[in-house]
Amino acid sequence: MTTAILRNPHLRQDFAASLVVFLVALPLCVGVAVASGVPAELGLVTGIVGGIVTGLMRGSSLQVSGPAAGLTVLVFEAVREFGLPALGVIVLTTGVLQILMGALKLGRWFRAISVSVVEGMLAGIGLVLIAGQLYAMADAGAPASGLAKIAGLPGALIEALGQTDALASLALGAGTIAVLVFWKRMPKRVRAVPGPLAAVGLATLAALAFSLPVATVEVQGLLGSVQPPSLSSFGELASVGLIGTVVAFTLIASAESLFSAAAVDRMHDGPRTEYDRELVAQGAGNAICGVLGALPMTAVIVRSAANVQAGARTKASRVMHGVWLLLFAALLPGVLAYIPIPALAGILVHSGAKLIPVRGIVSLWREHRGEALILVVTAVSIVAVSMFEGVLIGLALAVAKTAWEASHIRLEVIDKGAGPVQAYLSGNATFLRLPKILDSLEALPQDRPVELDLSGLHHLDHACRTALENWAERHSAVGTEPVRVTAEPERPAARTERADAA
C-alpha cells in the first residue's frame, strides 16, 4: 500500500494538500485534547493514527480522521466519571464494535438516522462546548453539568473582568476568535496559512511578546503520555454506566464519520465512499487509539474539506498528514508548551459555533416544523441531561413523528340523501389515529345503513380492526341494517363530502 502511494501520479498535489491538512489539524488536535481533560500529546496520537492507519484503509478516499470537537464533551465526562485509564477501554471497545458493524454491513444504515437528530446532537455538543470553553478563556473552573455551565457564565465573565490575569486570558481568547472570524476576508496569499494555525500562532506570539500571565499547554512528551489500559481496567466493562458510554461513543462517532463522508462526497468527483469499509477503517483506528490510551477518532469535516479544497486527489494526502504529525510530536514536542490555553479555547468556541445550524433551524422551521422541533429538543436535552440520553430522546421523537405521519388516514363519505351511506377508508389505519377514525364513523347517521369499504387501506392493525368491528356492532344494535363491509366496491359518481380523519 505504501509503495502504491509513492507511485501515485498525483503525488505532487497530495503532498501540498497534506501540508495544509497538517497545519489545520495540529492546533485542533491539541485543542481537543486539552478541552477533553487529557494530555495534549494524546490528541496528536489520535491524529497520527487517523492519518496513517485509517488513512491507508479503504473507505472514503479524501476524508481525514482524527480527534473531533464533537466528542470533546463526551470524552471529558467519561474521563471525569471513570478516570483516564478507563478511556482506553472505552475507545478500544468502541473500535471493536465499529469493526463488527462494518463487517455486518450496517454502515449504510447510519444514513437512515434522522438528519435532524444528528444536527440536534451536534448543536447540543456545540452549546456545551462553547459554554465550557468560555470558562477556560476566562481562566475559571467550569461546572459539571451543561445547564450549570450556561447558568454560571454571566457571573464567571463578570468576575473575570475584575481580575488582571483572567482579563488577559479572556482578551487573548477573544482575539483568537476574531482572527478566525475575519481570516476568510484576508488576501488570498495570507489565507494560504490555515486560519486555526494563524490564530494560535498570533496568540502565542502575543503572549510571549507581552509576557501575558496566561496558562499554557503542559507537555509530558509523546511516550510519557501514552498509557495503554491495564488488564484490570477492563473490569470496568461490567459497569452499566461505562457500557452506556461505549454505546454513545459508538453511535455518535459512527454517525458523525459517515455523515461527514456523505458531505465530502459532494465536494469532489472522485471515488464514492464505501460506507461499510469506512466504518471498519474508523473502527480499526479507534481500536489502536484505545490500545494506546488516546482519544477516540471520527472523520472531521473541517480537515476533510481543507484536504479537498487544497487539491488532494488520493488517500496519500491524509496518510502524509499523519506522518507530519508524527514527526512534529517526535521532534518538536516542546513547542506545545508555548501555546496559550485561552487560544485553544477560542478555537474550540469557534468550532462549537459552527456546530449550531442557526440558519438551518430557521429554514427548517418554515418548511418542516416537526423536524425543527426534533433538532431543538435533541440539542436542549443534551444540554439539560446528557449526551446519551439527549440522543435517545431525539431518536424517540423522530420515530414517533415518522409513525404519526405514516398513520395518515382519510375517511370519504358519500351520502345521496337516500339509501345506504357509503364510507371509504384509505391510508394506514393504526392505533395512533384510532380516536379520529371512531369520531368520524360515530358521526354517521344512526338510522341509516352503512357500507364500509376498506379496500383503500394499505395497513389495518389489530387495534383498528377490533375497534371497527365493535363500532359496526354498536351501529347495528339500534335496529339499523347491519354494517356491510366490502372490499372492492364501485364508487358511484355523486356529490362527495369529505371528513379528513388525519
S304 side chain to V64 backbone, donor-acceptor under 3.5 Å: yes
Donor-acceptor contact present, side-chain S254 to main-chain T250, <3.5 Å: yes
Side-chain donor/acceptor of T378 to backbone N/O of M121, under 3.5 Å: no
Exam field: side chain R191 to backbone M186, donor-acceptor pair closer than 3.5 Å: yes
Backbone N/O of V193 and side chain of W183: donor-acceptor pair under 3.5 Å: yes
T72 (side chain) donor-acceptor with A69 (main chain) under 3.5 angstrom: yes
Check: S260/Q63 side-chain N/O donor and acceptor closer than 3.5 Å: yes
Modelled atom types, side-chain donor and acceptor of S317 and N307, under 3.5 Å: yes
Main-chain N/O of A316 paired to T314 side chain as donor or acceptor, under 3.5 Å: yes
S257 and E278: side chain donor to acceptor below 3.5 Å: no
Any donor-acceptor pair under 3.5 Å from R58 side chain to R277 backbone: no
OH/Y338: more than 12 non-hydrogen atoms of other groups inside 6.0 Å: no
Flag, side chain of R272 to backbone of D265, donor-acceptor distance under 3.5 Å: yes
E218 atom CD, neighbour heavy-atom count above 12 within 6.0 Å: no
F76 atom CZ, neighbour heavy-atom count above 12 within 6.0 Å: no
Side chain to side chain contact (heavy atoms under 4.5 Å, CB included) assessment of L397 paired with K401: CA-CA 6 Å; L397 274 179; K401 174 180 175 291; over 6 Å; no
